[in-house]
Engineer: 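What follows is a single structure, and I will ask about it in a moment.
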Amino acid sequence: MLKVEKLRSSYGRIEVLHDVSLEVDQGKMVALVGANGAGKTTLMRAISGIQPITSGTITLAGASIQGMPPARRVSRGVAQVPEGRQIFAPLSVEDNLALGAWVSPTKIERNRARVYEMFPILREFRKRAAGTLSGGQQQMLAMGRALMSDPRILLLDEPTMGLAPLLARQVMQIICSIREAGTTVLVVEQNVQAVLRAADRGYVIDRGRISMEGSAKDLLADPRVREAYLGV
Ligand code: ATP
């Protein structure tokens, strides 16, 4: 579904992604893990088109999307749930969802019904200002908003950040159900154990290079991953 090959990206003269290659097969959930500053957010932003790249290729379902502005990538099926959620706090839940639907306005009702089915709390609070929701509910809203564009692939950057353990588990379960409903998922997560338990495959990024890749199960069992990211 998504193929990234030999991607390079820099801030000014400082290169932070060095020849990064990664693949996400259709219908799968792939985890990207790595230390702070390894380049995870930069990679996600490069895929969604917010961060420029200096070389490399990005293809979605066999067609190149690199060089396209972010909005066109959304209409091709790439939706990003950014780090820190970035919901519109003064707007209602309903209006936040509507903003995610600009790419497929004719399907707004159907997509909204689907989002409410997945997140019943959003239906209940649909008239509330998004800023009054709890952190977990705001994360659900950010995911719901991304799903309003009917994406082929959902990019999630640190979806459980700042959430209490119970809510973090709930968010992870919701991500699994999004995948089960047929959406391909690429997720960056600090909670390495939880994300590798849920994902099909995983990549470890270290200082801008992919250092390991494999089935999530193998990575979870790998002593290097256990030592570096699980403190075992
Ligand atoms: P974190 O888990 O802390 O979010 P990350 O793996 O997502 O980390 P990035 O945010 O992609 O890492 O950062 C990769 C590198 O690029 C880091 O060294 C960071 O300091 C640097 N960097 C990130 N954003 C900028 C920016 N706007 N300008 C300059 N350097 C940046």
Side-chain angles (χ1 to χ4, degrees), residues 2-24 29-58 65-70 73-74 78-87 135-136 138-139 142-143 146 153-165 167-169 171-172 175 184-199 201-214 216 219-220 222 224-232:
L2 175 75
K3 195 169 184 181
V4 168
E5 277 180 301
K6 293 189 178 273
L7 209 68
R8 288 174 177 264
S9 185
S10 307
Y11 293 103
R13 282 190 307 182
I14 302 177
E15 188 175 90
V16 296
L17 296 180
H18 319 287
D19 279 338
V20 169
S21 299
L22 162 154
E23 250 180 274
V24 185
M29 172 173 170
V30 172
L32 176 66
V33 302
N36 285 339
K40 304 180 296 295
T41 295
T42 305
L43 177 56
M44 297 297 253
R45 290 165 64 92
I47 296 168
S48 56
I50 304 162
Q51 166 71 20
I53 60 172
T54 43
S55 64
T57 59
I58 308 171
I65 57 166
Q66 98 238 17
M68 279 183 189
R73 299 189 202 201
V74 178
V78 180
Q80 182 166 22
V81 182
E83 192 173 5
R85 337 213 200 283
Q86 319 276 350
I87 52 142
Q138 290 188 13
Q139 182 60 45
M143 292 196 279
I153 183 164
L154 190 63
L155 309 177
L156 294 148
D157 195 352
E158 309 268 11
T160 72
M161 188 166 61
L163 301 183
L167 267 175
R169 265 206 298 281
V171 164
M172 204 50 81
I175 297 167
T184 306
V185 175
L186 175 61
V187 55
V188 163
E189 213 6 277
Q190 292 281 352
N191 190 338
V192 174
Q193 175 133 333
V195 79
L196 287 179
R197 278 200 183 137
R201 287 178 56 75
Y203 289 83
V204 179
I205 183 166
D206 182 17
R207 283 163 289 176
R209 291 177 207 281
I210 299 294
S211 58
M212 295 177 73
E213 64 173 283
L219 287 178
L220 204 48
D222 192 294
R224 288 167 295 177
V225 172
R226 298 179 71 78
E227 191 184 335
Y229 302 103
L230 305 179
V232 183

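Along the sequence shown, the residues carry numbers beginning at 1. Note that ligands are numbered from 1 as they come in the structure, with each ligand's atoms numbered from 1 the same way.
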Engineer: Provide, to 0.1 Å, the distance between atom 9 (P) of ligand 1 and the closest protein heavy atom, together with that atom's residue and name.
Structural biologist: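 Checking every protein heavy atom, the shortest distance to atom 9 (P) of ligand 1 gives T42 OG1, 3.6 Å.
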Engineer: Once rounded to the nearest 0.5 Å, what's the spacing between atom CD of E189 and atom OG1 of T160?
Structural biologist: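 If we round to the nearest 0.5 Å, E189:CD and T160:OG1 are 3.0 Å apart.
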Engineer: Show the nearest heavy-atom pair for residues I47 and I65, with the distance to one decimal.
Structural biologist: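 Scanning both residues completely, I find the closest heavy atoms to be O-CD1, 4.0 Å.
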Engineer: In Å and rounded to the nearest 0.5 Å, what is the CG to CG distance from L43 to L186?
Structural biologist: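 Output value for this atom pair is 7.0 Å.
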Engineer: When you compare ligand 1 with G37, is there at least one nitrogen or oxygen pair between them that comes in under 3.5 angstrom?
Structural biologist: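 G37 vs ligand 1: N/O contact under 3.5 Å present.
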Engineer: Any heavy atom of A35 sitting closer than 4.0 Å to ligand 1?
Structural biologist: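 Judged by the 4.0 Å heavy-atom criterion, A35 does count as contacting ligand 1.
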Engineer: Please write down residue, atom name and distance for the protein heavy atom closest to atom 12 (O) of ligand 1.
Structural biologist: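 In this structure, atom 12 (O) of ligand 1 has G39 N, 3.1 Å as its nearest protein heavy atom.
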Engineer: Please identify which atoms of ligand 1 are closer than 4.0 Å to at least one heavy atom of T41.
Structural biologist: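 Selected atoms, number and element: 4 (O), 5 (P), 7 (O), 10 (O), 11 (O).
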Engineer: Just verifying a value: how many Å separate S48 OG and I58 CD1, rounded to the nearest 0.5 Å?
Structural biologist: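 The OG atom of S48 sits 8.5 Å away from the CD1 atom of I58.
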Engineer: Distance from Q139 atom CD to L167 atom CG, nearest 0.5 Å?
Structural biologist: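 With rounding to 0.5 Å, CD (Q139) is 10.5 Å from CG (L167).
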Engineer: First locate atom CZ of R197, then atom CG of L220, and finally report the distance between them rounded to the nearest 0.5 Å.
Structural biologist: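 Atom-to-atom, R197:CZ and L220:CG are 6.5 Å apart.
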Engineer: Atoms of ligand 1 less than 4.0 Å from E83 heavy atoms?
Structural biologist: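 Contacts of ligand 1 toward E83, numbered from 1: 4 (O).
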Engineer: Determine if the distance from atom 3 (O) of ligand 1 to the closest protein heavy atom is below 4.0 Å.
Structural biologist: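 At least one protein heavy atom is under 4.0 Å away.
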Engineer: Counting heavy atoms only, which part of V16 comes closer than 4.0 Å to ligand 1: side chain, backbone, both or neither?
Structural biologist: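 Answer for V16: side chain.
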Engineer: G84 and M161: which non-hydrogen atoms are nearest, and at how many Å?
Structural biologist: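 Reported closest heavy-atom pair: N-CE, 4.0 Å.
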Engineer: Which atoms of ligand 1 are found less than 4.0 Å from any heavy atom of E158?
Structural biologist: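 Those of ligand 1 that fall under 4.0 Å from E158 are 2 (O).
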Engineer: In a check of side-chain contact (heavy atoms from CB on, under 4.5 Å) between I50 and each of R73, M44, Q80, which one passes?
Structural biologist: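 Single side-chain contact (heavy atoms from CB on, under 4.5 Å) partner of I50 among R73, M44, Q80: Q80.
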Engineer: What protein heavy atom sits nearest atom 22 (N) of ligand 1, and how far off is it?
Structural biologist: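 Heavy-atom neighbour on the protein nearest atom 22 (N) of ligand 1: Y11 CE1, 3.4 Å.
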Engineer: Taking a cutoff of less than 4.0 Å between a non-hydrogen atom of the residue and any ligand atom, is Q190 in contact with ligand 1?
Structural biologist: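 It does, in that a heavy atom of Q190 comes within the 4.0 Å cut-off of ligand 1.
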Engineer: Specify whether the nearest protein heavy atom to atom 25 (C) of ligand 1 is under 4.0 angstrom away.
Structural biologist: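 Given the 4.0 Å cut-off, atom 25 (C) of ligand 1 counts as touching protein heavy atoms.
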